[in-house]
Participant: 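The structure that follows is given in the form of structure tokens.
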Amino acid sequence: MSSASSDRPGPLLCVVGARPNYMKMAPLVRAFAARERLPRVVLVHTGQHYDVDMKQRLFADLSLPAPDIDLEVGPGTHAVQTAEIMRRFEPVIDREHPSCVIVVGDVNSTLACSLVASKKGVSLAHVEAGLRSYDRAMPEEINRVLTDQMADLLYTTERSAAANLAREGIDPGRIAFVGNVMIDSLATHLPHAVTPAETLRRAGVSDAFVSQPEGFAVATLHRPSNVDEHAALAECLAALTTVARRLPLVWPVHPRARSNIERYGLNGIIDSGRILLLPPQGYLEMLGLMQNARLVLTDSGGVQEETTALAVPCLTMRDNTERPITVDQGTNLLVGRDSARIAAAVEDIFATGGKRGRVPELWDGQAAGRIARHLESALVPAGPVIARQEAEA
Ligand code: UD1
């Protein structure tokens with residue numbers, strides 16, 4: 001890896017750490033590479049997620065190049081993980097002298113690398129800025145608020161984000177409404193989605209699960225508020241069981257949820273005839289499952305957005321969302337963990353087809369290009385194009 005000398009623009013250091021970061025960064029890396037005036041990209045993986053299922057497989061699905069730098073932090077408490085990422089990221093900045101650090105989303109890696117960049121006086125861009133659940137018990141909410149306070153450039157996915165940022169005293173001149181890079185990935189990869197029947201065959205399961213006349217549901221759950229405590233997790237499983245009585249349910253289980261199901265001995269209450277547990281799936285498999293599902297149950301932020309873009313009914317097992325546009329305009333409904341409420345919502349989907357959403361403004365598959373153009377105008381002084389190869393020679 002060559003380090004930047006003082007008369008050359010340093011690279012764009014693009015940071016990923018956990019699964020939802022990859023779908024956001026993949027279109028950005030491509031859009032940055034396509035703009036001659038922008039410096040080259042150096043992709044850094046913090047190692048927050050490390051399983052093959054949670055990392056390599058998704059990189060391949062999204063055609064993300066292998067990271068240039070892997071910090072390999074692995075698991076730990078929030079404090080340990082954040083501190084360890086910071087400790088390992090600082091020498092990367094010292095060596096690379098980046099023009100800008102680009103972070104996405106709200107995971108611990110986002111906050112850790114933002115803190116390092118900001119304290120070292122390196123320009124920081126945050127993609128997916130300004131989303132707020134107003135629930136400080138969510139670790140991601142702390143990460144969002146703090147990252148936005150430090151960012152020099154804040155790229156937002158929905159207009160409500162600017163109002164949230166204004167409340168926190170952030171200069172509107174630093175904010176650009178660009179749309180949703182998550183939907184760029186969806187638009188690129190939807191034609192290559194794997195059919196649900198094929199996903200089940202690959203998992204060694206009969207495809208009968210996804211070929212019933214009533215259709216099938218898909219579930220994803222991993223929020224600490226839903227899966228960390230015994231009582232909350234048992235409530236979630238009861239709700240999934242209620243849904244599964246109506247239609248078969250496919251559940252790719254996050255490692256966090258799986259280990260807690262085992263820890264609390266809750267395996268026995270999952271009806272294996274109606275609920276199919278799968279390992280975490282690849283991106284193309286998840287797209288195929290969501291696109292073809294009659295309904296999706298989730299507590300993931302990204303899935304709320306993807307189902308809105310796909311016009312598939314989404315029942316979010318939370319009391320709040322940092323993505324209100326998915327409720328106001330999309331197919332999303334907040335249902336908490338209440339089995340009766342969830343059963344009523346499922347009946348409504350059977351009776352009426354569920355909420356008819358529309359695709360929000362600028363969720364058009366072109367967000368990464370807008371960010372690349374904006375970043376270029378912010379970072380690169382006007383003047384003749386110096387070909388990147390020449391600048392890097
Ligand atoms: C993290 C993000 C969350 C994001 C989610 C997507 C934070 C605060 N949370 O939560 O916003 O939606 O990723 O998955 O950053 N584990 C594995 N293999 C892995 C990764 C994790 O077994 O590859 C285990 C960990 O050891 C830990 C648990 O899963 O026991 C949770 O992982 P962690 O990275 O702490 O948080 P997530 O729940 O994945």
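Treat the numbers as computed from the prediction; the structure is a model and nothing was measured. Just so you know, ligand 1 is whichever comes first in the structure, and atom 1 is the first atom listed for that ligand.
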Participant: Considering only protein heavy atoms, determine whether one is less than 4.0 Å from atom 27 (C) of ligand 1.
Facilitator: no
Participant: Identify, for atom 2 (C) of ligand 1, the protein heavy atom at the shortest distance, and state residue, atom and that distance.
Facilitator: Val107 CG1, 3.6 Å
Participant: Can you find a protein heavy atom under 4.0 Å from atom 30 (O) of ligand 1?
Facilitator: no
Participant: Over all heavy atoms of both residues, which pair between Ser185 and Ala26 is shortest? Give the atoms and the distance, please.
Facilitator: OG-CB, 4.4 Å
Participant: Test of understanding: given a 4.0 Å heavy-atom threshold, classify the contact between Glu140 and ligand 1 as side chain, backbone, both, or neither.
Facilitator: side chain
Participant: Give yes if a backbone or side-chain nitrogen or oxygen of His78 is under 3.5 Å from a nitrogen or oxygen of ligand 1, and no if not.
Facilitator: no
Participant: Assess the residue pair His45 and Tyr22 against the criterion (ring-ring contact (aromatic ring centres under 6.0 Å, His included)); give the C-alpha distance rounded to whole Å, side-chain angles, the decisive distance to 0.1 Å, and a yes or no.
Facilitator: CA-CA 10 Å; His45 197 299; Tyr22 315 147; 5.6 Å; yes
Participant: For Asn108, counting its heavy atoms only, list the atoms of ligand 1 lying under 4.0 Å from any of them.
Facilitator: 7 (C), 8 (C), 15 (O)
Participant: Check Lys55 against ligand 1 and report side chain, backbone, both or neither, counting heavy atoms closer than 4.0 Å.
Facilitator: neither
Participant: Of the backbone atoms (N, CA, C, O) and the side-chain heavy atoms from C-beta on, which set of Met54 has a member under 4.0 Å from an atom of ligand 1: side chain, backbone, both, or neither?
Facilitator: side chain
Participant: Between Arg95 and Glu90, does any side-chain N to carboxylate O distance fall below 4.0 Å?
Facilitator: no
Participant: Under 4.0 Å, heavy-atom basis, I'd like to know which part of Pro20 is in contact with ligand 1: side chain, backbone, both or neither.
Facilitator: side chain
Participant: Can you list the atoms of ligand 1 that are under 4.0 Å from a heavy atom of Pro75?
Facilitator: 26 (O)
Participant: Would one find an N or O of Asn143, backbone or side chain, under 3.5 Å from an N or O of ligand 1?
Facilitator: no
Participant: Apply salt bridge (charged side-chain N to carboxylate O under 4.0 Å, His left out) to Arg19 and list each qualifying residue two or more places apart in sequence or on a separate chain.
Facilitator: none
Participant: Give the residue, atom name and distance (to 0.1 Å) of the protein heavy atom nearest atom 16 (N) of ligand 1.
Facilitator: Tyr50 OH, 3.5 Å
Participant: Salt-bridge test for Arg144 and Glu168: reply yes if a basic N is under 4.0 Å from a carboxylate O, no otherwise.
Facilitator: no
Participant: Does Arg246 qualify as a cation-pi partner of Phe350, given the criterion of NZ or CZ under 6.0 Å from the six-membered ring centre and within 45 degrees of its axis?
Facilitator: yes
Participant: Taking atom 39 (O) of ligand 1 as the point of reference, which of Arg256, His49, His222 owns the nearest heavy atom?
Facilitator: His49
Participant: Below 4.0 angstrom, N of the basic side chain to O of the carboxylate: do Glu322 and Arg318 qualify?
Facilitator: yes
Participant: List the residues meeting side-chain contact (heavy atoms from CB on, under 4.5 Å) with Asp328, not counting sequence neighbours, and say none if there are none.
Facilitator: Pro324
Participant: Quick one, His126 with Tyr155, criterion ring-ring contact (aromatic ring centres under 6.0 Å, His included). Give me CA distance, side-chain angles, the key distance, then yes/no.
Facilitator: CA-CA 6 Å; His126 183 208; Tyr155 294 113; 9.5 Å; no
